[in-house]
Amino acid sequence: MEGIPKNRIMDEDGIRRAISRISHEIVEKNKGTKDLLLIGIRTRGVPLAERIQKRIAEFEKVTLPLGLLDITLYRDDLSTIDVQPVLHETRVPFSIEGKTVILVDDVLFTGRTARAALDALIDLGRPQKIQLAVLIDRGHRELPIRADYVGKNVPTSRREIVSVCLQETDGRDEVLLLEKKS
Amino acid sequence: MQWRHKDLLDLDTLTAEEIRHIIKTAQPMKEILSRPMKKLPTLRGKNVVLLFYESSTRTRTSFETAAKILGADTTNFSVAVSSVNKGESLLDTAKTLQAMNVDLVIVRHSSSGAAEFLANVLEAGVINGGDGQHAHPTQALLDFYTLQEKLGGFEGKKIVIVGDILHSRVARSNVLGLKKLGADVTLVGPPTLLPDEMKYLGVKLSYDLDKELPGADAVMALRLQLERQQSGLFPSIREYSKLYGLSLERLKKTGKKTIVMHPGPMNRGVEIMSDLADSVQSVIEEQVTNGVAVRMALIYLLIGGGTGNVVD
């Protein structure tokens with residue numbers, strides 16, 4: 001994603017604290033860890049889900065099952081985009097039937113990724129509940145979708161790009177606000 | 001890596017990287033095949049035509065299953081019930097398909113080059129499902145997928161392909177791709193069924209199966225194409241079987257845990273014995289499953305969007 005850096009929205013500590021809070025909120029809202037599953041949306045939802053899994057394991061002594069979801073085949077813009085997305089594996093090696101699924105992604109923007117993830121998930125089974133956890137909610141929704149757990153709300157303009165960098169995928173932890181090159 | 005082709009006619013136009021990209025794309029497709037609910041919305045509204053001028057069970061059903069799982073509609077255009085019986089030419093059939101705005105045509109034809117002809121006249125993508133004695137790229141690709149899964153790679157692996165090389169489009173496509181991927185390929189068959197021209201691809205030719213088996217990582221038996229045999233190519237099926245038929249006993253000569261492949265349909269007791277075909281070393285059934293995954297990958301790559309990069 002090309003752009004001119006404008007602002008640092010979150011640093012390493014900020015991300016760590018946000019993950020920690022979200023982890024506590026998940027357990028609090030669901031009154032424990034019973035029937036909870038974590039599913040990270042590729043690419044950056046996966047390391048975030050792993051961090052939540054680790055954090056919950058630290059204070060609840062329970063390791064939640066973790067799956068990975070690739071939503072490429074469920075996108076609604078495949079026939080119009082210029083560059084074909086590369087397909088990756090979906091790995092959910094457990095039943096989601098009747099469970100509470102926490103979907104994890106890095107940024108909530110138009111809501112189209114979350115919509116695709118919901119469809120992808122429901123094709124795998126019928127969960128009791130699906131909740132959405134995101135590190136950044138930047139607004140501009142195009143669908144009636146909202147997050148249950150938000151690391152940080154960031155008001156943005158459509159000309160801006162929110163770039164989430166994580167140690168596991170980018171070698172460092174930070175969230176940047178970029179201005180699109182015109 | 002970005003997909004650049006409108007059609008898949010043979011493997012000679014693909015780079016090693018593109019072949020690996022197909023194999024990589026087929027991996028997530030295989031996961032979908034293991035789901036209880038095998039249906040995706042990806043290619044909703046796309047129409048895939050299966051144009052089969054030659055009989056086929058597994059290739060046609062494999063393509064049809066692949067297209068349907070991806071959400072496309074399929075139209076079967078089988079020769080027995082089509083206008084071809086009334087004398088319609090391939091060109092006119094192509095024009096008819098074009099007028100129906102189909103997105104992808106899978107074609108099998110007894111004439112080599114039929115798929116390329118269609119690709120040149122159609123705006124829709126074309127996948128060669130086997131043309132004459134020329135090429136059968138999707139079979140080769142599913143073989144590569146299976147080899148990748150079982151052997152973990154191609155570099156320096158010894159692959160022995162044994163049987164009726166002369167009539168085999170499967171062997172030709174396999175050799176083309178396997179050489180690109182860096183495998184060490186040996187073709188084995190009786191002199192009358194093993195054309196010397198195959199050497200040009202840099203593969204080893206041999207008439208003696210037992211001599212070539214030691215060290216083989218995979219052995220691929222080809223179907224003896226009884227319907228294509230002219231008389232006199234070999235003395236008898238019994239002798240052919242004795243010299244080139246694969247059995248559990250014979251496979252021990254590899255001295256390894258060799259995998260055995262066959263593109264199907266098998267002539268049991270001719271090129272492959274039942275004890276081997278049904279053994280744990282046989283990956284023949286898995287080849288069929290992998291075939292659906294690989295075809296899903298190809299259909300996705302060809303008509304799953306991203307038209308900005310298509311150059312041919």
Side-chain angles (χ1 to χ4, degrees), chain A residues 1-2 37 39-46 65-99 101 110-128 130 142-143 145, chain B residues 1-6 17-18 20-47 66-72 101 103-104 124-125 145 148-149 293-311:
Chain A
M1 241 180 248
E2 295 269 312
L37 304 174
I39 292 186
I41 302 174
R42 282 186 188 269
T43 308
R44 290 188 182 72
V46 175
L66 180 103
L68 333 175
L69 198 64
D70 184 81
I71 56 120
T72 308
L73 294 168
Y74 291 86
R75 287 173 63 144
D76 59 4
D77 57 355
L78 276 177
S79 56
T80 52
I81 47 170
D82 259 11
V83 178
Q84 186 174 48
V86 174
L87 205 58
H88 294 282
E89 199 184 358
T90 288
R91 202 183 311 141
V92 182
F94 41 77
S95 167
I96 62 168
E97 207 70 31
K99 305 285 185 182
V101 175
T110 59
R112 285 176 195 267
T113 300
R115 194 283 309 162
L118 290 174
D119 280 353
L121 209 54
I122 284 162
D123 274 2
L124 298 177
R126 186 181 185 277
Q128 182 61 40
I130 303 176
E142 292 169 2
L143 298 170
I145 280 172
Chain B
M1 113 119 264
Q2 281 299 316
W3 192 252
R4 311 173 296 129
H5 304 284
K6 170 177 100 65
E17 195 199 356
E18 285 172 327
R20 283 192 207 101
H21 186 63
I22 296 169
I23 295 172
K24 249 182 91 183
T25 307
Q27 276 160 9
M29 296 302 188
K30 196 171 179 184
E31 179 269 320
I32 291 155
L33 291 176
S34 66
R35 294 181 188 176
M37 217 286 292
K38 298 178 253 299
K39 188 82 180 176
L40 296 165
T42 318
L43 298 181
R44 249 180 338 186
K46 301 268 185 194
N47 198 354
K68 282 184 168 157
I69 291 174
L70 284 169
N101 275 324
D103 298 286
L104 183 67
Y145 183 92
Q148 172 75 51
E149 214 176 52
V294 165
R295 288 177 177 114
M296 285 170 72
L298 282 167
I299 295 171
Y300 169 72
L301 289 170
L302 290 180
I303 60 168
T307 48
N309 290 286
V310 176
V311 293

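Below, read A as the first sequence line, B as the second, and so on, with proteins coming before strands; counting in each chain starts at 1. Only this structure's heavy atoms are used, side chains among them; waters, hydrogens and symmetry mates stay out.
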Fill in: A:T80, part contacting chain B, at a heavy-atom distance under 4.5 Å
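For A:T80, there is no contact with chain B at all, as no heavy atom is under 4.5 Å.
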Worksheet item: Tell me, side chain or backbone of B:K39 under 4.5 Å from chain A's heavy atoms, or both, or neither?
Response: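 For B:K39, backbone heavy atoms alone lie under 4.5 Å from chain A.
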Discussion item. Quick check on B:L43 against chain A: is it the side chain, the backbone, both or neither that has a heavy atom closer than 4.5 Å?
Written reply: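 Neither the backbone nor the side chain of B:L43 comes within 4.5 Å of chain A.
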Worksheet entry | Any donor-acceptor N or O pair under 3.5 Å, side chains A:H88, B:Q27 |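 The criterion, which ignores hydrogens and geometry beyond distance, is not satisfied for B:Q27 and A:H88.
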Fill in: Choice from B:I303, B:L70, B:I32, B:L301 maximising heavy atom contacts with chain A below 4.5 Å
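Going by pairs under 4.5 Å, I would pick B:L301.
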Discussion item. Please check if the number of heavy atoms outside A:E142 that lie under 6.0 Å from its CD is greater than 12.
Written reply: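 Atom CD in A:E142 is crowded, with more than 12 foreign heavy atoms closer than 6.0 Å.
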Discussion item. Any salt bridge linking A:R91 with B:E31? Criterion: basic side-chain nitrogen under 4.0 Å from a carboxylate oxygen.
Written reply: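 Result for this pair is no, no salt bridge flagged.
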Item to complete: Would you mind checking if B:K30 and A:E89 are paired as a salt bridge, meaning a charged N to carboxylate O distance below 4.0 Å?
Response: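 Judged by the 4.0 Å cut-off on N to carboxylate O distance, A:E89 and B:K30 do not form a salt bridge.
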Worksheet item: For the side-chain contact (heavy atoms from CB on, under 4.5 Å) test, which of A:T90, A:I41, A:I39 pairs with A:L121?
Response: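 Result: among A:T90, A:I41, A:I39, A:I39 is the only option passing the side-chain contact (heavy atoms from CB on, under 4.5 Å) with A:L121.
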Discussion item. Among A:L73, A:L87, A:L78, which residue has the highest count of heavy-atom pairs closer than 4.5 Å to chain B?
Written reply: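 Of the options given, most contacts go to A:L73.
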